[in-house]
Protein chains: 2
Amino acid sequence: MSESTHDDPIDLPRAADRFAALGHQARLSIVRCLLRAHPVGRVAGELQEELSIPASTLTHHLDALRHEALITQTRQGRFVRYFAHTHALRQLTEFLYAECCSASDHSIADHRAAGPSVKHHPGLPILQD
Amino acid sequence: MSESTHDDPIDLPRAADRFAALGHQARLSIVRCLLRAHPVGRVAGELQEELSIPASTLTHHLDALRHEALITQTRQGRFVRYFAHTHALRQLTEFLYAECCSASDHSIADHRAAGPSVKHHPGLPILQD
DNA sequence: CTTTTATTTCGATATTTCTAGAAACATCGT
DNA sequence: ACGATGTTTCTAGAAATATCGAAATAAAAG
């Protein structure tokens with residue numbers, strides 16, 4: 001029990017790149033499929049069938065995910081098996097969660113409450129109610 | 001204790017669009033800034049100063065985030081104040097986490113170990129070495 | 001009502017990303 | 001060695017996204 005969720009916190013530019021990698025339907029499908037198949041993984045052909053896209057397009061997306069270290073690959077004979085890189089994915093959720101957990105959900109409901117008012121110097125946006 | 005984190009689970013195309021919205025350095029910076037400032041929020045001018053980008057570019061990114069419901073806005077006199085939409089952001093982390101939590105971290109370390117062999121029909125991808 | 005401040009809209013350009021066929025490469029079975 | 005199968009590389013056109021100045025809009029201040 002030494003390795004619960006010990007992180008290297010991820011930096012913002014990297015997080016943005018990784019979010020971008022997930023920001024495509026085909027690639028997010030791949031990642032979800034690999035997470036569900038974890039730790040067995042899936043070979044490229046299986047992914048291709050699941051996604052119904054041309055092989056070259058699939059490879060392109062797999063490269064993009066691999067470049068961001070969100071998945072890994074290994075050759076098994078004629079097949080290439082892909083795996084979700086769960087640690088990298090967890091880092092990503094934690095990037096948001098770290099900031100998000102302390103934020104309670106006031107904002108949406110009471111927008112109006114956010115009141116401007118009480119201005120000091122003109123030009124300085126004060127919040128306060 | 002009624003409203004812990006009860007979700008509408010988010011569907012994949014929407015999740016992909018939202019990840020894409022986060023997949024840009026400027027926009028991720030905006031979101032992080034708004035989360036840190038939550039629930040006070042930030043007016044556009046404050047965000048612009050923090051990011052050091054032209055106003056029109058900032059608006060463009062704010063529109064993109066708003067279109068994906070990741071942030072909200074409200075006018076306060078001459079100012080427009082922006083807020084993180086924490087629920088939508090949480091949904092997004094949960095989209096990954098839901099699949100990710102059950103996936104323990106075997107894959108990276110023992111790629112080679114990937115599993116049993118026993119090939120049946122040629123053409124069926126079996127794992128194992 | 002004119003000016004000043006805050007922000008958005010418009011428009012045009014630059015850049016990146018996506019898509020997918022064809023050809024190449026890798027490995028297995030015979 | 002040959003043929004079949006699985007996957008990647010190459011290529012190029014199409015589509016989407018990013019950038020930002022200039023003009024337009026909104027609201028307060030003078």
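Naming convention: chains lettered A, B, ... in sequence-line order (proteins, then strands); numbering from 1 in each chain. All heavy atoms count here, side chains included; hydrogens, waters and symmetry mates do not. In this text, all values refer to a predicted model and were calculated from it rather than measured experimentally.
- Counting non-hydrogen atoms under 4.0 angstrom, A:A44 reaches the backbone sugars and phosphates but no base.
- Here salt bridge (Lys or Arg N to Asp or Glu O under 4.0 Å) pairs that include residues 47-56 of chain B, with residues two or more places apart or in two chains, number zero.
- In this structure, the CD1 atom of A:I71 is 13 Å from the P atom of D:dT7, given to the nearest Å.
- Look at CZ on A:R42: it is 17 Å from C1' on D:dG6, rounded to the nearest Å.
- Listed by chain and residue number, A:F19 satisfy the ring-ring contact (aromatic ring centres under 6.0 Å, His included) test with B:F19 (two or more places apart in sequence, or in another chain).
- Pairing each heavy atom of B:F83 with each of B:V40, the nearest pair is CE2-O, 3.3 Å.
- B:Y82 has no side-chain polar atom (N or O) that falls below the 4.0 Å cut-off from OP1 or OP2 of C:dA6.
- Rounded to whole Å, the distance from CZ on B:R75 to P on C:dT8 is 7 Å.
- Straight-line distance from the CD atom of A:Q48 to the P atom of D:dT5: 14 Å, rounded to whole Å.
- With sequence neighbours left out, B:A69 forms a side chain to side chain contact (heavy atoms under 4.5 Å, CB included) with B:R18, B:H85.
- Protein atom CD of A:E46 is 8 Å distant from nucleotide atom P of D:dT7, rounded to whole Å.
- Listed by first then second residue, pairs satisfying salt bridge (Lys or Arg N to Asp or Glu O under 4.0 Å) with a partner in residues 55-72 of chain A read A:D63-A:R66, not counting sequence neighbours.
- Taking atom CD of B:Q76 as the reference point, atom C1' of C:dA6 lies 13 Å away to the nearest angstrom.
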Which protein N or O atoms sit under 3.5 Å from an N or O of nucleotides 14-20 of chain C?
residue, atom, partner, partner atom, Å
C:dC18, OP1, A:R27, NH1, 3.3
C:dC18, OP1, A:R27, NH2, 3.0
C:dC18, OP2, A:R27, NH1, 3.0
C:dT19, OP2, A:H24, NE2, 3.4
C:dT19, OP2, A:H61, NE2, 2.8
C:dA20, N7, A:S56, OG, 3.2
C:dA20, N7, A:T57, OG1, 3.4

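- Contact annotation: the side chain of A:V80 never approaches that of A:L62 to less than 4.5 Å [non-hydrogen atoms, C-beta and beyond].
- When rounded to the nearest whole Å, the span between CG of A:L58 and C1' of D:dT8 equals 11 Å.
- At D:dT8, one or more side-chain N or O atoms of A:Q73 fall inside 4.0 Å of OP1 or OP2 (strictly under the cut-off).
- Atom CZ of A:F79 and atom C1' of C:dA26 are 12 Å apart (whole Å).
- Within the structure, the side-chain hydrogen bond (donor to acceptor under 3.5 Å, both in side chains) test picks out the following pairs touching residues 23-36 of chain B (sequence neighbours left out): A:E99-B:R36, B:R27-B:H61.
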